[in-house]
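Any value given below was found using the heavy atoms of this structure, including those in side chains, with hydrogens, waters and symmetry copies removed. Each chain gets a letter, A, B and so on, in the order its sequence line appears, and its residues count up from 1.
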Amino acid sequence: MTPSDKLKEASPTAAGPAAPTQSNFIREIIREDVKTNKYSGRVWTRFPPEPNGYLHIGHAKAICLDFGLADEFGGGTNLRFDDTNPEKEETEYVESIMRDVRWLGFEWENLLYASDYFDQLYQWAVQLIKAGKAYVDDLTADEVRQYRGTLTEPGKESPHRNRSIAENLDLFERMRLGEFPDGARCLRAKIDMASPNFNMRDPVMYRILRAEHHRTGNKWCIYPLYDFAHGQSDSLEKITHSMCTLEFEDHRPLYNWYIKELGIFPSQQIEFDRLNLTYTLLSKRKLLQLVREGRVRGWDDPRMPTISGIRRRGYTPEAIRNFCNSIGVTKTNGTIELAMLEHFVREDLNKRALRVMAVLHPLKVVIDNYPEDQAEEMEAVNNPEDLSAGTRKVPFSRELYIEQDDFREDPPKGYFRLSPGKEVRLRYGYFITAQRVVKNEQGEVVEVHCTYDPATRGGNAPDGRKVKSTIHWVSASHAVPAEVRIYEMLFTKPDPNDVPEGAEFTANLNPNSLQTVKNVRVEPSLKSANAGERYQFERLGYFCVDPDSGPDALVFNRTVALKDTWAKMEKKQSAGSSGKAK
RNA sequence: UGGGCGGUCGACUAAUGGUAGGUCAAGUGCCUUUGGAGCACUUUGUCUAGGUUCGAAUCCUAGCCGCCCAGCCA
């Protein structure tokens, strides 16, 4: 159980109407199959994760495809765990996978496991032996590799390839009974050692492995390999369109071979491109490494591209689905810019997140002409994009906090916010003008004294005068303390695998990917915010309440920042000036 | 090197022999009680060379470039 599991209840689940989706080659294949009545109109897919890790955004793409397409054609989708390698698989993973698929808004028709088919698969292996299409090989794994040949040379046939059917039957039975040590023998399909496709050079069907399986325990000491399990599992479930990623293209001839030799339901495999994202790693092995080495706090660390990490970060299922549906499905291997993903969270959160005011880096503002013991309730709009979200009261008083960034003693060109002598609007508050500053011994501004115009209550000047900037604030005495966790990209390079010879991808880890801001002040309406709730902190970004949060210690994660035009301008200016200096 | 699969604006993706379009990004302007959001506009593209055709991103040929495959992993 990870902390983010608490988020379950807070998360919307309904998939709702699908976002506009553009067509793709797989949809066209299905359309054609339905038209030609290839499977009597049946469209059934499966999502087949191996329970050896947590699902990530790349899986989300596959999930949206598998479930989305089946649903579109009135079919269904099975969730099937591809659990043929007991050494890596765990129940913890199957549970997290089910939770994540549901959170994304999908429900499977059948919950299945490849291990459900171990008996059937064994019988099919026997059937192939009897047909002279499979044999028990005594070669060691090393020898098998040597016999397999190379890219340019054909393989050699194993000396055991032509054993009698009776001997193969006996040996295979004894493999199952545990008479031989792990790896001593294996069952191989008799296909073609000279095939240019390695998968057809007598692929291994079964191996001897004494490992406890998370579901079948110690019942078996032989396990089928992926190729001898996947297609048959599809076939058993009458999967019509079995989508998988491009690296399995070379496996398709074998997938079809087993189906043909066994004479079973002809599921068809269709390959599409795996998702790649800039600044993001989508390899289970490497994500596992990050977790094991403590580079992140766990699978659900908000910096992780896992579904549980993204969820904890504050992304919505809708945003992820919209993203997946709009990136397209092709056979080209490309890399999508992270900005694309971020666009979809902003788009979704902009519509639904309630606005609140929070000051991440407080700077005290004293309004000298505001009565000392006075406090007022200012009315604030909860969501300008959705007026039905109503309004709330925000306390205002003589001493406030504003963002340190919102005051400059020496404002650069184009800076519209507060500076000496300048007037700005406090959002939903008053116009204020900075009069003088108080500095500490280091010469840093620690307090800004201002005057306010009582006639501008609510933020409008009766004389019609305009201010160039509106800044957010909280009342010093009413504000609630909080901690905010700011996340930056986990890696410093668009391609995290781009490392010098000999270095590991961890060399590209961004040391500043997590920044904890302790002294945050948020408006009092947030006092009892619950884990998983999402807000927009006005002018800053979208934030959600982390499961670490409690009644006495609010903790927020920044999901994504708002677009910051000023920051961009400033960055460009400084880049320009430093460029000239050279 | 054998085999498989691909190459369309900076990124992703449409156009299925007939106007190269959309989204993101970038830029400009408008608007604004979020320098947010929104709106409008703009820039940039068919890997190369030949060929077929009235017409080619699409078909053909030859190159070039990229990804995947030599686990008893999936």
Side-chain angles (χ1 to χ4, degrees), chain A residues 22-25 28 48-50 52 82-85 87-89 137 139-142 144-146 148-155 182-188 195-201 203-209 222-223 225-227 229-230 244-253 271 273-274 278 284-285 326-344 346-347 350-351 355 357 380-381 384-385 414-417 425-429 458-460 466-472 494 536-541 561-569:
Chain A
Q22 60 186 5
S23 201
N24 59 58
F25 77 100
E28 294 312 313
E50 181 188 11
N52 67 345
D82 225 333
D83 55 352
T84 54
N85 182 5
E87 287 181 305
K88 287 186 177 172
E89 296 151 6
D137 198 350
L139 257 29
T140 64
D142 261 2
V144 166
R145 188 179 341 108
Q146 283 158 19
R148 190 155 26 225
T150 67
L151 289 178
T152 47
E153 305 155 28
D182 287 8
R185 295 180 210 262
C186 64
L187 183 71
R188 295 230 256 165
S195 171
N197 182 345
F198 285 109
N199 294 302
M200 303 301 272
R201 318 242 268 223
V204 175
M205 296 162 61
Y206 267 92
R207 57 174 168 162
I208 302 174
L209 178 68
I222 59 171
Y223 289 94
L225 272 80
Y226 167 86
D227 286 302
H230 201 99
C244 62
T245 44
L246 252 23
E247 66 268 28
F248 291 99
E249 276 175 325
D250 289 342
H251 293 247
R252 188 171 1 111
E271 310 86 11
D273 63 322
R274 176 183 281 280
T278 55
K284 272 194 203 172
R285 200 201 95 226
S326 58
I327 53 176
V329 181
T330 63
K331 290 170 91 82
T332 60
N333 16 42
T335 302
I336 291 170
E337 290 174 350
L338 194 59
M340 181 80 101
L341 212 210
E342 293 185 332
H343 161 78
F344 283 96
R346 288 198 189 96
E347 180 189 63
N350 177 49
K351 284 183 292 190
R355 316 287 131 123
M357 291 196 283
V381 175
E385 303 290 320
Y415 186 84
F416 298 154
R417 285 112 95 151
R425 172 169 37 234
L426 292 175
R427 179 143 232 224
Y428 304 121
N460 282 309
K466 303 282 185 197
V467 287
K468 282 206 131 175
S469 179
T470 300
I471 64 175
H472 60 96
Q536 183 195 98
F537 289 0
E538 292 225 25
R539 303 209 302 133
L540 298 177
L562 251 26
K563 285 201 207 161
D564 190 341
T565 311
W566 169 245
K568 203 188 281 181
M569 282 166 62

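C65(B) and G29(B) have their C1' atoms separated by 41 Å, given to the nearest Å. Remark: the separation of the P atoms in G18(B) and A11(B) is 26 Å, to the nearest Å. Look at the P atom in both G10(B) and U43(B): the space between them is 14 Å, to the nearest Å. Taking atom P in both A26(B) and U19(B), the straight-line distance is 32 Å, to the nearest Å. C60(B) sits 12 Å from G17(B) when the P atoms are compared, rounded to a whole Å. Going from the C1' atom of A57(B) to that of G6(B) covers 15 Å, rounded to whole Å. Nucleotides A20(B) and G45(B) have their P atoms positioned 14 Å apart, rounded to a whole Å. Using P as the reference atom, A49(B) and A56(B) are 15 Å apart when rounded to the nearest Å.
Considering only side-chain atoms of Met340(A), the nucleotide from A74(B), C24(B), G35(B) that sits closest is C24(B). Comparing atom distances between the His251(A) side chain and each of C5(B), G3(B), A74(B) picks out A74(B) as nearest. Relative to the side chain of Thr470(A), the nucleotides A70(B), U13(B), G35(B) differ in distance, and G35(B) lies closest. Of the listed nucleotides (A74(B), G27(B), G6(B)), G27(B) has the atom at the smallest distance from the side chain of Lys568(A).
G35(B) has its base stacked against the ring of Trp566(A), the centroids being under 5.5 angstrom apart at an interplanar angle below 30°. The ring of Phe416(A) lies on top of the base of G35(B), close enough and flat enough: under 5.5 Å between centres, under 30° between planes.
Look at Lys284(A) and Glu50(A) and you find no salt bridge, because none of the NZ, NE, NH1 or NH2 atoms lies under 4.0 Å from a carboxylate O. For the pair Glu271(A) and Arg252(A), the salt-bridge criterion is met [side-chain N within less than 4.0 Å of a carboxylate O].
Residue Met205(A) is out of contact with every strand shown, counting any heavy-atom pair closer than 4.0 Å. At the heavy-atom level, Thr140(A) lies under 4.0 Å from base atoms of the strands shown. The residue Phe248(A) sits close to a base: some heavy atom pair falls under 4.0 Å. Within the nucleic acid shown, Gly183(A) comes within 4.0 Å of at least one base atom, counting heavy atoms only. In this structure, Arg145(A) reaches the sugar-phosphate backbone alone: every heavy-atom distance under 4.0 Å involves primed, P, OP1 or OP2 atoms, never a base. If you check every strand for non-hydrogen atoms under 4.0 Å, Thr330(A) touches sugar and phosphate atoms only. If you check every strand for non-hydrogen atoms under 4.0 Å, Gly414(A) touches a base. Using a 4.0 Å heavy-atom distance criterion, Asn85(A) is classed as a sugar-phosphate-only contact. Across all strands shown, Lys468(A) has no heavy atoms under 4.0 Å from either base or sugar-phosphate atoms. No contact: Phe25(A) has no heavy atom under 4.0 Å from any strand. Among the heavy atoms of the strands, none lies under 4.0 Å from His472(A). Backbone-only contact: Leu225(A) has heavy atoms under 4.0 Å from sugar-phosphate atoms and none from a base. The residue Glu28(A) sits close to a base: some heavy atom pair falls under 4.0 Å. Across all strands, Asp227(A) comes closer than 4.0 Å to no nucleic acid atom at all (heavy-atom distances).
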> Once Watson-Crick and G-U wobble pairs under 3.5 Å are found, how is RNA chain B written in dot-bracket notation, 5' to 3', with | for any base paired to another strand?
Replying inline: .((((((..((((....[..)))).(((((.......)))))....(((((..]....))))))))))).....
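Each of Val204(A) and Met569(A) lies near RNA chain B, and the nucleotide nearest Met569(A) is the one positioned closer to the 5' end.
Atom-to-atom, CZ of Arg427(A) to P of U32(B) comes out at 14 Å; the value is rounded to the nearest Å. Atom CD of Glu337(A) is separated from atom C1' of A25(B) by 6 Å (rounded to the nearest Å). For the pair Arg148(A) CZ and C69(B) C1', the interatomic distance rounds to 11 Å; values are reported in whole Å. Between the C1' atom of A70(B) and the CZ atom of Phe198(A) lies a distance of 4 Å, rounded to the nearest Å. A straight line from CD of Glu538(A) to C1' of G35(B) spans 13 Å, rounded to a whole angstrom. Protein atom CG of Leu426(A) is 16 Å distant from nucleotide atom C1' of G35(B), rounded to whole Å. The CG atom of Leu139(A) sits 11 Å away from the P atom of C72(B) (whole-angstrom rounding). Put simply, CD on Glu271(A) is 18 Å from P on A74(B), counting in whole angstrom units.
Side-chain atoms of Asp250(A) and base atoms of G3(B) include a donor and an acceptor less than 3.5 Å apart.
A heavy-atom distance below 4.5 Å is not found between the side chains of His230(A) and Phe248(A). Between Arg145(A) and Arg148(A), the closest side-chain pair of non-hydrogen atoms falls below 4.5 Å. With contacts defined as side-chain heavy-atom distances shorter than 4.5 Å, the pair Val204(A)/Arg188(A) qualifies.
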> How does protein contact run along nucleotides 36-46 of chain B, one letter per nucleotide 5' to 3', with B for base contact, S for sugar-phosphate only, - for none, heavy atoms under 4.0 Å?
Replying inline: BS---------
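In this structure, CZ on Arg425(A) lies 11.0 Å from CD1 on Ile471(A), to the nearest 0.5 angstrom. In this structure, CG in Leu562(A) is found 9.0 Å from CD in Glu538(A), a value given to the nearest 0.5 Å.
Under the 90° criterion around 0 for the glycosidic angle, G71(B) counts as syn.
For the salt bridge (charged side-chain N to carboxylate O under 4.0 Å, His left out) test, no residue two or more places apart in sequence or in another chain qualifies with Asp83(A).
Around atom NZ of Lys468(A), no more than 12 heavy atoms belonging to other residues, nucleotides or ligands sit under 6.0 Å away.
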